[in-house]
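Structure record follows, encoded as structure tokens.
Below, each value reflects all heavy atoms present in this structure, side chains not excepted, and no hydrogens, waters or symmetry copies.
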Amino acid sequence: MNSNSPPGHEREKTSRDPLIGFPGTGKENDFMVDGWRVFKIMAEFVSGFEIMSDTGPAVTVFGSTRVDAGSAEYLLAEQIGAGLAREGFAVITGGGPGVMEAANKGARNAGGISIGFNIRLPNQQQPNSFIDNGRLVTFQYFFVRKVMFLKYSQAFVVLPGGFGTLDEFSEAITLIQTGKSSRFPVILMGREYWNGFYQWVCKSMLEERGYIQASDLDFIFLEDDPEKVLSIIKSFYPEGYSLNF
């Protein structure tokens with residue numbers, strides 16, 4: 001304290017003092033604004049809920065952004081998007097390029113509903129041009145975006161992809177396994193790509209370690225045939241479609 005400070009005016013140091021615990025780091029500002037950040041999160045949920053309120057049954061298609069137009073995986077995603085649209089499903093993607101663009105393109109060209117849940121990233125992922133007007137939601141927070149995928153999807157169709165694709169896949173199967181979401185089919189498209197991973201799950205997790213049960217795999221499918229995707233989804237819902245939570 002400055003020796004010239006008047007008596008009784010010493011600075012009281014409490015746990016709420018922004019200068020205690022984070023000297024010189026500026027971290028106090030992060031903690032001070034967290035309360036207001038809640039409203040940004042709420043706004044993202046509200047925007048997504050409003051856009052999806054009249055959508056009806058939907059299927060999300062995941063896969064790599066690093067897939068070129070005209071490649072086998074791009075054409076497969078486009079075919080899947082078109083097939084889903086013809087069966088009356090809205091098609092949801094992450095809104096970006098590659099597999100996402102292809103699935104949105106297939107849905108749009110088949111006359112279906114094409115939806116994009118885009119995410120703001122440091123590399124500035126741009127939404128693709130095949131998302132319907134008024135059907136694009138851009139998120140700041142990955143966890144809000146995940147909730148939207150899970151809440152409104154009657155199935156996940158997972159094409160070959162990287163960490164982001166694996167993250168969405170594992171999030172879904174975890175929530176289904178733990179009962180936090182209704183069960184829905186998770187379809188891994190491309191046996192050559194996914195088979196090694198799937199066999200590791202079956203052998204190491206299930207048979208050798210017993211970390212999961214056989215019933216934890218009965219909603220996961222490996223497929224190559226896009227026509228099988230539709231039959232799997234329809235057979236999974238004999239009593240009709242509903243939101244997952």
Exercise for the section: Let me see the working for Ile131 and Ile115 under side-chain contact (heavy atoms from CB on, under 4.5 Å), right down to the final yes or no. Expected result: CA-CA 5 Å; Ile131 300 167; Ile115 301 168; 5.6 Å; no
Problem - Working for side-chain contact (heavy atoms from CB on, under 4.5 Å), residues Ile92 and Met52 - result: CA-CA 10 Å; Ile92 305 171; Met52 295 299 294; 3.8 Å; yes
Exercise for the section: Check the pair Phe221 / Val229 against side-chain contact (heavy atoms from CB on, under 4.5 Å), numbers first and verdict last. Expected result: CA-CA 9 Å; Phe221 303 85; Val229 169; over 6 Å; no
Handout entry: Same cluster (ILVMFWY, side-chain, under 4.5 Å), Phe130 and Phe62
Key = no
Exercise for the section: State whether the side chain of Glu78 and the backbone N or O of Gly106 hold a donor-acceptor pair below 3.5 Å, judged by distance alone. Expected result: no
Exercise for the section: Would you please say whether a donor-acceptor pair under 3.5 Å links the side chains of Ser114 and Asp132? Expected result: no
Practice task
Evaluate the side-chain hydrogen bond (donor to acceptor under 3.5 Å, both in side chains) criterion for residues Glu101 and Tyr74: first the C-alpha distance (whole Å), next the side-chain angles of each, then the deciding distance (0.1 Å), finally the verdict.
Solution key: CA-CA 8 Å; Glu101 175 185 294; Tyr74 188 99; 2.6 Å; yes
Exercise for the section: Report yes or no: does Ser47 contribute a side-chain atom to a donor-acceptor pair with the main-chain N or O of Ala43 at less than 3.5 Å? Expected result: no
Exercise for the section: May I ask you to test the Gln79-Leu75 pair for a side-chain heavy-atom distance under 4.5 Å? Expected result: no
Problem - Pairwise distance CD1(Ile80) to CD(Glu227) - rounded to 0.5 angstrom - result: 10.0 Å
Handout entry: Within 6.0 Å of CZ in Arg66, more than 12 heavy atoms from elsewhere
Key = no
Problem - Side-chain ion pair, Glu168 and Lys146, N-O less than 4.0 Å - result: no
Problem - Value rounded to 0.5 Å, distance of CD in Gln140 from CZ in Arg120 - result: 5.5 Å
Handout entry: Phe245 atom CZ: more than 12 heavy-atom contacts under 6.0 Å
Key = yes
Practice task
Establish whether Met148 and Ile173 are linked, either directly or via other cluster members, by ILVMFWY side-chain heavy-atom contacts under 4.5 Å.
Solution key: yes
Problem - Common cluster, Leu136/Tyr141, ILVMFWY with side-chain heavy-atom separation under 4.5 Å - result: no
Problem - Centroid-centroid distance, Phe139 to Phe117, less than 6.0 Å - result: yes
Exercise for the section: For the residue pair Phe45 and Val144, establish whether any side-chain heavy-atom pair is separated by less than 4.5 Å. Expected result: yes
Exercise for the section: Mind listing the closest non-hydrogen atom pair of Ser71 and Val67 along with its distance? Expected result: OG-CG1, 3.0 Å
Completion exercise
Between Pro238 and Ser235, the two heavy atoms sitting closest are CD-O, 3.7 Å
Problem - Student check: side-chain heavy atoms of Thr93 and Thr60 closer than 4.5 Å - result: no
Practice task
Give the cluster check for Leu243 versus Val46: same hydrophobic cluster or not, with ILVMFWY residues linked at side-chain heavy-atom distances below 4.5 Å.
Solution key: no
Practice task
Could you please spell out the steps behind the side-chain contact (heavy atoms from CB on, under 4.5 Å) verdict for Phe49 and Lys151?
Solution key: CA-CA 10 Å; Phe49 292 159; Lys151 181 177 179 64; 3.9 Å; yes
Handout entry: Heavy-atom neighbours of Glu192 CD exceed 12 at 6.0 Å
Key = no
Handout entry: Donor-acceptor under 3.5 Å (Asn104 side chain, Ser129 main chain)
Key = no
Problem - From CG (Leu76) to CE (Met189), nearest 0.5 Å - result: 4.5 Å
Exercise for the section: Give a yes or no on whether the backbone of Val201 and the side-chain of Tyr211 come within a donor-acceptor separation of less than 3.5 Å. Expected result: no
Exercise for the section: Please tell me if the side chains of Ile233 and Phe184 come closer than 4.5 Å, counting only heavy atoms from C-beta onward. Expected result: no
Exercise for the section: For the residue pair Leu222 and Asn195, establish whether any side-chain heavy-atom pair is separated by less than 4.5 Å. Expected result: yes
Handout entry: Shared hydrophobic cluster, Met100 / Phe169 (ILVMFWY, side-chain heavy atoms < 4.5 Å)
Key = no
Exercise for the section: Measure the shortest side-chain to side-chain distance between Leu159 and Val61 over non-hydrogen atoms and say whether it is less than 4.5 angstrom. Expected result: yes
Handout entry: NZ/NE/NH1/NH2 to OD/OE distance under 4.0 Å, Arg145 and Glu44
Key = no
Completion exercise
Residues Leu150 and Glu171: closest non-hydrogen pair is CD1-CG, 3.9 Å
Problem - From OG (Ser64) to OH (Tyr193), nearest 0.5 Å - result: 7.5 Å
Completion exercise
Distance col, row Ser182:OG vs Phe219:CZ, nearest 0.5 angstrom, shows 12.0 Å
Practice task
Could you check if a side-chain atom of Ile232 sits within less than 4.5 angstrom of a side-chain atom of Pro185, using non-hydrogen atoms only?
Solution key: yes
Handout entry: Contact check, side chains of Val91 and Ile113, non-hydrogen atoms, under 4.5 Å
Key = no
Completion exercise
In this structure, CD1 of Ile187 is separated from CZ of Phe156 (nearest 0.5 Å) by 11.5 Å
Practice task
Answer yes if the ring centres of Tyr241 and Phe89 are under 6.0 angstrom apart, and no otherwise.
Solution key: yes
Fill in the blank from the handout: Shortest non-hydrogen pair, Ser181 vs Asn244, comes out as OG-CB, 3.5 Å
